[in-house]
Amino acid sequence: QVQLVESGGGLVQAGGSLRLSCSVSGTIISLDVVAWHRQTPGKARELVARLTSEGSINYADSVKGRFIISKENTKNTAYLQMNALKPEDAGVYYCNAEELTVYSEYGIPDPESDYWGQGTRVIVSS
């Protein structure tokens, strides 16, 4: 059973920083593709940043130069470092394990996909 737990959200003043964490638990072999998405009221959930096992990274234009996505393979944890926060960055941030490899019940590597965390709220005061 794969579970994702985000943490690190909270209230910050505009211009400040936060670091979100996404801890992935279960019989994980590797977290291959991970992404952070953001949900704000009245808007569709949007992709903020995405990181592949090959090191390919994509950022939403609105966060380029301010946010950094990373992951720590030994801890099966992904991070989103958010700097120079703006009020429009506020929302609920969700971690998405797009692709991962787990041990099956038979103990062999098995690809899995599309697991989500419960979200962590970010509030940016102006």
Side-chain angles (χ1 to χ4, degrees):
Q1 185 78 6
V2 176
Q3 287 189 321
L4 280 67
V5 177
E6 299 101 333
S7 61
L11 172 64
V12 64
Q13 284 190 329
S17 298
L18 283 175
R19 188 173 86 151
L20 306 183
S21 298
C22 172
S23 177
V24 183
S25 63
T27 54
I28 309 297
I29 297 174
S30 59
L31 182 57
D32 302 317
V33 181
V34 64
W36 288 92
H37 295 249
R38 176 170 66 198
Q39 179 81 62
T40 53
K43 290 186 177 181
R45 188 176 295 187
E46 63 170 335
L47 175 68
V48 174
R50 184 176 182 267
L51 170 63
T52 73
S53 57
E54 292 81 16
S56 176
I57 296 176
N58 298 103
Y59 293 105
D61 288 341
S62 60
V63 307
K64 282 180 181 176
R66 300 187 297 121
F67 289 14
I68 300 171
I69 187 172
S70 63
K71 63 186 175 81
E72 195 166 352
N73 293 324
T74 57
K75 294 184 177 181
N76 291 321
T77 300
Y79 304 97
L80 184 67
Q81 177 67 44
M82 305 187 295
N83 301 318
L85 282 160
K86 304 176 181 179
E88 52 264 41
D89 294 320
V92 180
Y93 283 72
Y94 295 91
C95 179
N96 174 217
E98 283 192 19
E99 297 177 14
L100 62 164
T101 307
V102 303
Y103 283 111
S104 74
E105 60 182 312
Y106 304 107
I108 60 175
D110 191 24
E112 293 280 352
S113 61
D114 204 28
Y115 286 90
W116 292 83
Q118 82 291 347
T120 185
R121 184 174 298 276
V122 172
I123 303 169
V124 184
S125 63
S126 57

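The hydrophobic clustering, which links ILVMFWY residues whose side-chain heavy atoms are closer than 4.5 Å, places V48 and V92 apart. No continuous path of hydrophobic side-chain contacts links V2 to I29 [ILVMFWY only; heavy atoms under 4.5 Å]. By the rule that hydrophobic residues join a cluster once side-chain heavy atoms approach within less than 4.5 Å of another member, M82 and I57 end up as members of one cluster. Grouping the Ile, Leu, Val, Met, Phe, Trp and Tyr side chains by contacts below 4.5 angstrom, directly or via other members, places Y94 apart from V24. Placement of I68 and Y93 within a single hydrophobic cluster is found when ILVMFWY residues are connected by side-chain heavy-atom separations under 4.5 Å, directly or transitively.
Note: T40 OG1 to E46 CD = 6.0 Å, rounded to the nearest 0.5 Å. One finds the OG1 atom of T120 at 11.0 Å from the CG atom of L80 (value rounded to the nearest 0.5 Å). With rounding to the nearest 0.5 angstrom, the CG atom of L51 is 8.5 Å from the CG atom of L31. In this structure, CG in N83 is found 8.0 Å from CZ in F67, a value given to the nearest 0.5 Å. We find the OG-CG distance between S30 and N73 to be 8.0 Å, quoted to the nearest 0.5 Å. In this structure, N96 CG and W36 CH2 are separated by 10.5 Å, a value rounded to the nearest 0.5 Å.
The environment of Q3 atom CD is sparse: at most 12 non-hydrogen atoms of other residues, nucleotides or ligands sit within 6.0 angstrom.
In this structure, E6 and Q118 have side chains that are in contact, with non-hydrogen atoms separated by less than 4.5 Å. A 4.5 Å side-chain heavy-atom check between S125 and L11 finds at least one atom pair inside the cut-off. Side chains of W116 and R45 form a contact here, defined as non-hydrogen atoms less than 4.5 Å apart. By the 4.5 Å heavy-atom criterion applied to side chains, S23 and K75 are not counted as neighbours. Between S62 and R38 there is a side-chain heavy-atom pair separated by less than 4.5 Å.
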**Prompt:** Where do V34 and C95 land on the side chain to side chain contact (heavy atoms under 4.5 Å, CB included) test, with the steps shown first?
**Reply:** CA-CA 7 Å; V34 64; C95 179; 3.9 Å; yes
**Request:** Would you please test I69 and Y59 for side chain to side chain contact (heavy atoms under 4.5 Å, CB included) and show each step?
**Result:** CA-CA 9 Å; I69 187 172; Y59 293 105; 3.6 Å; yes
**Asked** Would L20 and V122 satisfy side chain to side chain contact (heavy atoms under 4.5 Å, CB included), going step by step from the backbone distance to the final call?
**Response** CA-CA 9 Å; L20 306 183; V122 172; 4.2 Å; yes
**Prompt:** Are Y79 and E72 close enough, and set up right, to give a side chain to side chain donor-acceptor pair (under 3.5 Å), and what steps lead you there?
**Reply:** CA-CA 8 Å; Y79 304 97; E72 195 166 352; 2.9 Å; yes
**Request:** Assess whether side chain to side chain donor-acceptor pair (under 3.5 Å) is satisfied between T52 and E54, documenting all intermediate values.
**Result:** CA-CA 5 Å; T52 73; E54 292 81 16; 3.3 Å; yes
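Taking every heavy atom of both residues into account, S21 and T77 meet most closely at CB-CG2, 4.4 Å. Closest non-hydrogen pair, L47 versus A35, comes out as CD1-CB, 3.7 Å. Taking all atoms of both residues into account, the shortest heavy-atom contact from S126 to A14 is CA-CB, 4.3 Å.
For the pair K86 and D89, the salt-bridge criterion is not met [side-chain N within less than 4.0 Å of a carboxylate O].
Judged by distance alone, the side chain of T27 and the main-chain N or O of Y103 form a donor-acceptor pair under 3.5 Å.
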